[in-house]
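Data first, discussion second: the structure below is written as structure tokens.
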Amino acid sequence: MSDRIHTLSGYFYEYQKSVTEPESFWARIADSFHWKKRWDKVLKWDFEGPNVRWFVNGKLNITENIFEKNLFAYGDRTAIIWEPSEPGEDVRKISYKELYHSVCQFSNALKSKGIQKGDRVIIYMPMIPEAAIAMLACARIGAIHSVVFAGFSANALTDRIIDSGAKAILTSDGNYRGNKKIGIKAIVDEALEKSAVETVIVCQRTGQDVTMKAGRDYWWHEVIVGEKDSNVAEEMDSEDPLFILYTSGSTGKPKGVVHSTAGYMVYTKYTFENVFQYSPGDVYWCTADIGWITGHSYIVYGPLLAGATTLMFEGVPTYPDPGRFWAVIEKHKVNQFYTAPTAIRALQAYGTDPIAPYNLDSLKVLGSVGEPINEEAWRWYYNHIGQSRCPIVDTWWQTETGGILVSPIAGITPTKPAFATLPLPGIQLAIVDPEGNELTGNSVEGNLCVKYPWPSMIRTLWGDHARCKETYFSTYKGMYFTGDGVKRDHDGYYRILGRVDDVINVSGHRMGTAEVENAINEHPLVIESAVVGYPHEVKGQGIYAYVICDMAHRTEENLINEIKETVSKIIGPIAKPDKIQIVSGLPKTRSGKIMRRILRKVAEGSTDNMGDTSTLLDPDVVTKIIEGRK
Ligand code: WT7
């Protein structure tokens, strides 16, 4: 593992090299992969298009780099440990060789159903090994997967089926949530009332009843019968899309972030090995769901490319009790544990009693992702879970960045509570003021940009390159704009301050305020709404909605519940507002723009200084809103 950074000076050396000679830096790392044909040029780019191409004209298949390249060396090593939701149910351990055969067999079944290179396939599945097999089988034959988090509603699924033009959906009969069975196939059926795909393949998990439509719906265990468990991986171009992953933005419509094959492969493996300092034989556990980018890059692709043993957990942190995470760490002797601040804060609320029965001595590295981790949660995590001896890697990145951009390298570069610290090799950051001037030196604060390409960066938004340019490459000329505010302290360490756009981060999940507003407005009695985030003890940010409506003989309580249900149905339970305030008017400027600054202040309870409200059409509205605050 020559690409591993082992010392602090090694980090500075590699970082320097990656900036002065980026192409030879990345060529050296990419050379350790298997190419069907080596690239002609490492990088061609401009951020005007944007048009970014890494490992130009290289030919490869990412699954060959997980399997064929390594099966002789470690085919019998465990690739996936699967821990079921029910603690008493059997654990599944799948070796690299077994995973290879399952992926080949299922990819042959996909081909038999007419799915080809370039086709889009939606994966709407719970956290079972077949979900990873589904992703890899698509990659094997060059189909573009788009995983949709199984907590999203039928309506949200319909939107993604239509936008991606999907040909097939891979799903399951149901899912376990604690001791409840939740229908998944039923949601797919509902989504397909307003959209269409040729094929649906259903993996059996809960055994619950489902309806199967003849000629469209097939059982997973039936389609693989008679299919060979080997094949030749499809030859892909470096820049062929590997997957689409939908994420929220500041308008109502989710964006289909497109990641390409080679750059994503090189960057996720490199960052996985370095950030977590993974050594062969270690057991690594990331608690994310495969429906998010974290699940893609750091449960499936990064770890499997690195030959790691990756643990996949079907359940939730509080079932059967709030000690579950710690029980799983003890049971599987987990070495690297990667979770979200919201989970840490939720478990912190139960005190240390649920931790006490378990031996956490196997832990070497702790990770955090998804939102800024507050100092209190950082210290609790460090002291009680890491026993004051495990470094915490606070990893900052985004769906669009594909992999971690700013993070400590475990045990090698310093950590600092609430700081993501330093950029990884290859990442050239810039902090800019609102006019786009770069702020150099330390002790500065502004908006976070990246001024040079990195291999796993977003290539386009599916079907909307103009929106890609507009969202990320137009705010500041010649730079990728992240949407986050940031501070670089006196030591040169980066601290992410949170979103500066109309995006809120609820329990580490990105939510567009406009998207929630659109959903609220679907309720027939709603006239207008405005949504903002406010500080929430566990979720990081909560959703606060101000709604103008026609009361139509309903009590306020009934109406509020109905609105919550509407949002749950349109997007999914994760988007349900925490607080809804019925108002008679919204603070608007004379040009009709809602002054969100005021709504944010009221939501967070700091109502003593409202700032300048003189441009408001009707300043009285503010007084009324303050009086009615929830
Ligand atoms: C947004 C991206 C990256 C995978 C999960 C979320 C926030 C993410 C951190 C961190 C502070 C963070 C940012 C970013 N964020 N990680 N370590 N410290 N903020 O992916 O849904 O694409 O959201 O999450 O605001 O822009 P995502």
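First listed ligand is number 1; within each ligand, the first listed atom is number 1.
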Residues with a heavy atom under 4.0 Å from ligand 1, by chain and number, are I293, T294, V369, G370, E371, P372, D394, T395, W396, W397, Q398, T399, D484, I496, R499, N505, R510
State whether K539 and D578 are salt-bridged, where the test is any N-O pair (Lys NZ or Arg NE/NH1/NH2 against Asp/Glu carboxylate O) under 4.0 Å. yes
Kindly write out the residues that satisfy salt bridge (Lys or Arg N to Asp or Glu O under 4.0 Å) with R510, not counting sequence neighbours, or none if the list is empty. E400
Check whether the ring centres of F243 and H296 lie less than 6.0 Å apart, and answer yes or no. yes
Pairing of K451 and E438 as salt bridge, 4.0 angstrom limit: yes
Salt bridge check: are K416 and E375 linked by an N-O gap of less than 4.0 Å? no
Below 4.0 angstrom, N of the basic side chain to O of the carboxylate: do E537 and R345 qualify? no
